[in-house]
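Here's the structure we're looking at; comments come further down.
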There are 2 protein chains.
Amino acid sequence: MTKVIERAEVAPEYISIGEAAERSGLTQRTLRYYEELGLLKPPARVARGQRLYTAGDLERIAQVRRMKDLLGFTLGEIKSVVEAEEAKQQLRTGYKQERSIKRKLKQMHDAAEITERQLRLVEEKIVQMQAMKKELARDLSGFRERITQMEQDVQTQ
Amino acid sequence: MTKVIERAEVAPEYISIGEAAERSGLTQRTLRYYEELGLLKPPARVARGQRLYTAGDLERIAQVRRMKDLLGFTLGEIKSVVEAEEAKQQLRTGYKQERSIKRKLKQMHDAAEITERQLRLVEEKIVQMQAMKKELARDLSGFRERITQMEQDVQTQ
DNA sequence: TCTACCGTTGACGTAAACGTTAAGGGCTGA
DNA sequence: TCAGCCCTTAACGTTTACGTCAACGGTAGA
């Protein structure tokens with residue numbers, strides 16, 4: 001039996017765009033498009049140009065998908081969220097480089113503000129959805145009540 | 001059949017498309033478009049053909065807007081929701097017309113099923129959003145902790 | 001009576017978010 | 001060596017969700 005050398009054996013932490021697409025439920029075109037728009041950071045590349053995605057990239061992709069499909073964000077909105085997140089990340093890593101405490105504080109405040117806005121947005125959506133849920137639940141129980149009533153009517157008929 | 005309002009009938013509870021647009025925050029074009037797509041039921045008309053919206057219509061418009069902007073539904077998805085709701089409404093009003101109890105029961109079951117599916121969809125979205133909220137809240141408290149820490153450092157410096 | 005304004009339908013235009021196709025190259029198993 | 005994949009970029013096509021414009025009519029005020 002010939003030994004099969006999978007690319008995964010060479011670098012198990014990297015996956016191709018085809019696999020990334022399959023696992024994320026997006027198309028290859030969409031992944032490239034998101035990268036082009038700046039929603040995903042350019043992944044590593046193999047010498048001849050093929051993209052190599054990491055588990056972290058997949059995580060990011062999943063996050064973008066959630067924002068789009070579940071929260072209904074436009075790609076533009078997602079981009080601003082992603083940019084804010086990048087700023088946060090930069091803050092974390094750049095924390096030690098920055099000598100001025102005052103500047104550190106300001107950056108921290110900025111990051112907190114951005115996060116707060118996003119949090120409020122999500123909270124607002126949750127409230128609206130719960131109202132919707134309540135209404136639906138009320139409708140449903142009404143139907144069920146009437147169904148059992150009708151079934152009893154049929155039996156006692 | 002669309003109700004046609006005679007001129008003498010036109011009462012203050014009816015508003016023009018211009019006002020409906022202004023109050024709902026949509027454009028006239030959008031209102032006509034939604035009507036065309038079947039998201040809004042054709043409003044009453046004045047003899048000349050001008051649309052007359054009621055408070056109920058405005059309510060419906062607001063609901064559509066919430067689904068679109070807050071929940072991120074596409075117009076197609078909204079249409080299916082609206083159709084389901086119309087079916088429910090029809091059940092309620094048509095309840096007395098239907099003579100066959102068995103058919104009534106079936107319709108009830110259908111309506112309950114539709115509502116249940118919508119309910120589950122909303123519940124799922126809520127769960128995902130709460131996860132997102134949690135993550136954001138965690139980030140935020142982290143920032144705040146560090147901010148107060150840094151502010152103390154500045155003071156004791 | 002004229003002008004300004006609000007409304008109508010219909011047709012065409014447009015931005016966003018991809019899908020699809022073209023044209024090409026690398027790797028691998030038979 | 002070559003078919004069968006998977007990959008690349010580039011360009012054009014498509015759908016959704018409206019915007020915009022044209023051509024027209026009623027109504028109210030000067």
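Quantities reported herein were computed from a predicted structural model and do not represent experimental measurements. In the text below, chain A, chain B and the rest are named by the order of the sequence lines, each starting its count at 1.
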> Which nucleotide, D:dC7, C:dG7, C:dT9, lies nearest any side-chain atom of A:Gln50?
Replying inline: D:dC7
> What residues form a salt bridge (Lys or Arg N to Asp or Glu O under 4.0 Å) with B:Glu86, not counting sequence neighbours?
Replying inline: B:Arg60
> Just how far is it from atom CE of B:Met132 to atom CE of A:Met67, taken to the nearest 0.5 Å?
Replying inline: 5.0 Å
> salt bridge (Lys or Arg N to Asp or Glu O under 4.0 Å) with A:Arg144: which residues, sequence neighbours excluded?
Replying inline: B:Glu116
>> According to salt bridge (Lys or Arg N to Asp or Glu O under 4.0 Å), who are the partners of B:Glu123, at least two apart in sequence or on a separate chain?
In response: A:Lys133
> B:Arg48: what forms a salt bridge (Lys or Arg N to Asp or Glu O under 4.0 Å) with it, not counting sequence neighbours?
Replying inline: none
> Would you say a side-chain N or O of A:Thr30 is under 4.0 Å from OP1 or OP2 of C:dG19?
Replying inline: yes
>> Closest approach to the side chain of A:Ser16, judged atom by atom: which nucleotide of D:dC18, C:dT8, D:dC6 is it?
In response: D:dC6
> Taking only residues two or more places apart in sequence or in another chain, which ones pass side-chain contact (heavy atoms from CB on, under 4.5 Å) with B:Glu151?
Replying inline: A:Leu105, A:His109, B:Ile147
> Near DNA chain D, under 4.0 Å by heavy atom, which residues of residues 36-44 of chain A?
Replying inline: none
>> Run the side-chain contact (heavy atoms from CB on, under 4.5 Å) test against A:Gln130 and tell me which residues pass, sequence neighbours left out.
In response: A:Ile126, B:Ile126, B:Gln130
> Who pairs with B:Gln128 by side-chain contact (heavy atoms from CB on, under 4.5 Å), at least two apart in sequence or on another chain?
Replying inline: A:Arg66, A:Leu70
> A:Arg32 side chain N/O closer than 4.0 Å to the phosphate oxygens (OP1, OP2) of D:dT8?
Replying inline: yes
Please table the atom pairs, donor to acceptor, closer than 3.5 Å between any side-chain atom in residues 75-82 of chain B and protein atoms at least two apart or in another chain.
{"residue": "B:Glu77", "atom": "OE1", "partner": "B:Thr74", "partner atom": "N", "Å": "2.8"}
{"residue": "B:Lys79", "atom": "NZ", "partner": "B:Leu37", "partner atom": "O", "Å": "3.4"}
{"residue": "B:Ser80", "atom": "OG", "partner": "B:Glu77", "partner atom": "O", "Å": "2.7"}

> Heavy-atom contacts under 4.0 Å between residues 17-27 of chain B and DNA chain C, which residues?
Replying inline: B:Ile17, B:Gly18
All N/O contacts under 3.5 Å from nucleotides 10-15 of chain C to the protein, with atom names and distances to one decimal?
none

All N/O donor-acceptor pairs, side-chain side in residues 27-34 of chain A, below 3.5 Å, sequence neighbours left out:
{"residue": "A:Thr27", "atom": "OG1", "partner": "A:Thr30", "partner atom": "N", "Å": "3.0"}
{"residue": "A:Thr27", "atom": "OG1", "partner": "A:Thr30", "partner atom": "OG1", "Å": "2.7"}
{"residue": "A:Gln28", "atom": "OE1", "partner": "A:Arg32", "partner atom": "NH2", "Å": "3.3"}

